[in-house]
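In this chain, residues are counted from 1 in sequence order.
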Amino acid sequence: EAQKARLLKDSLASFDYLKRFVGEENLDADLDISGRFFGAISQRHYEQLCRDGDLLRSHTGVTVHEITKARQTEVSATDFYKGGILIEEYGGLHAGKDHAALRKLATSLGVKFASHCRLQKIEDQGQSKRVFTSRGSLTADSVFVWTTLQGTEQAVSISDVGWVTGYVLILFAALSY
């Protein structure tokens with residue numbers, strides 16, 4: 001239970017950071033926080049969703065509404081479900097526009113990308129690093145390496161060295177230094 005609570009709070013903190021970051025950097029990412037309805041396919045599922053909603057509400061403070069089957073057309077264009085929950089603090093952004101905006105911001109801050117290539121090695125040269133890829137090499141004060149979901153290895157010149165999966169997380173971490 002304590003681990004669940006910590007994970008939920010960390011998740012909300014990440015979401016809050018995302019909203020703040022997109023706003024402060026004025027990123028053109030179509031961020032839209034409009035809430036989300038989770039529909040239940042059975043009475044048992046509805047009861048589980050309500051328990052999950054209670055857990056979210058109690059550990060994160062988000063606004064969760066239990067929506068009965070009789071009321072679901074108020075929040076959804078269907079009466080297929082057996083009710084569900086509506087989480088107000090839920091949203092998304094346009095992944096392509098977010099990626100382009102982050103890349104533009106990173107480039108303006110001096111980040112150099114070596115993308116769509118295989119990372120061969122990184123040599124520590126004291127105050128700098130030499131990065132060798134299948135498309136050539138570059139020198140950087142520091143390097144951050146990650147692998148996208150598509151399996152393309154990429155290297156970015158920023159403040160730390162690390163290995164992480166998922167480029168969006170890396171750029172957020174990189175730009176917060």
Side-chain angles (χ1 to χ4, degrees), residues 1-109 111 113 115-116 144 146-154 156 162-177:
E1 185 69 26
Q3 183 179 9
K4 279 184 191 177
R6 185 176 38 86
L7 289 172
L8 288 170
K9 286 181 182 178
D10 287 350
S11 173
L12 186 61
S14 294
F15 187 55
D16 287 341
Y17 176 76
L18 171 72
K19 293 185 294 185
R20 188 172 57 256
F21 182 78
V22 168
E24 288 172 359
E25 297 298 334
N26 199 26
L27 298 180
D28 179 18
D30 290 347
L31 179 63
D32 179 35
I33 311 302
S34 55
R36 180 172 175 198
F37 173 69
F38 292 84
I41 58 172
S42 67
Q43 182 61 33
R44 183 173 164 194
H45 187 210
Y46 174 75
E47 292 163 3
Q48 182 61 53
L49 283 173
C50 291
R51 287 191 297 276
D52 292 345
D54 289 341
L55 187 67
L56 279 170
R57 187 183 306 109
S58 67
H59 290 297
T60 66
V62 298
T63 307
V64 180
H65 302 280
E66 294 178 9
I67 308 295
T68 63
K69 180 169 179 57
R71 290 189 48 231
Q72 77 182 20
T73 56
E74 297 171 19
V75 297
S76 177
T78 182
D79 62 358
F80 171 79
Y81 298 105
K82 310 298 184 206
I85 60 173
L86 173 69
I87 302 173
E88 286 188 19
E89 296 86 353
Y90 204 102
L93 48 73
H94 188 287
K97 290 180 82 173
D98 182 52
H99 180 248
L102 286 170
R103 195 169 178 99
K104 181 179 177 183
L105 176 61
T107 301
S108 76
L109 295 172
V111 172
F113 294 87
S115 62
H116 298 90
F144 209 105
W146 75 91
T147 303
T148 68
L149 297 175
Q150 293 81 27
T152 304
E153 295 169 289
Q154 301 184 16
V156 180
W163 296 91
V164 181
T165 299
Y167 69 89
V168 173
L169 298 175
I170 300 316
L171 285 178
F172 283 128
L175 299 175
S176 67
Y177 283 90

Inter-residue atom distance H99.NE2 - K97.NZ, 0.5 Å rounding: 15.0 Å
With heavy-atom distances below 4.5 Å as the criterion, would you say the side chains of L105 and F21 are in contact? yes
Tell me, yes or no, whether the heavy-atom count around K9 atom NZ, taken from other residues, nucleotides or ligands under 6.0 Å, exceeds 12. no
Between D16 and K19, does any side-chain N to carboxylate O distance fall below 4.0 Å? yes
With a 4.5 Å cut-off on side-chain heavy atoms, are D54 and E66 touching? yes
Can you tell me how far apart CG (L102) and CD (E25) are? Round to the nearest 0.5 Å. 9.5 Å
So do the side chains of E88 and V62 get within less than 4.5 Å of each other, counting heavy atoms only? no
On a heavy-atom basis, the closest approach of L55 and S58 is O-OG, 3.2 Å
Got a donor-acceptor contact below 3.5 angstrom from the K82 side chain to the K69 backbone? no
Which pair of non-hydrogen atoms, one from L12 and one from T60, has the smallest distance, and what is that distance? CD2-O, 3.1 Å
For a quick test of reading the model, state the closest non-hydrogen atom pair linking Y90 to I87 and the distance between them. CB-O, 3.5 Å
Does S11 use its side chain to pair, donor to acceptor, with the backbone of L7 at less than 3.5 Å? no
So L93 and L27, do their side chains get closer than 4.5 Å, heavy atoms only? no
Nearest 0.5 angstrom please: L49 CG to L86 CG, how far? 12.0 Å
NE2-CZ distance between H65 and R57, expressed to the nearest 0.5 angstrom: 8.5 Å
Tell me the closest heavy-atom pair linking G84 and F37, and the distance in Å. CA-CE1, 3.7 Å
Counting distance only, does the side-chain N/O of E89 pair as donor-acceptor with the main-chain N or O of T63 below 3.5 Å? yes
Interatomic spacing from CD in Q3 to CG in L8 - rounded to 0.5 Å: 10.5 Å
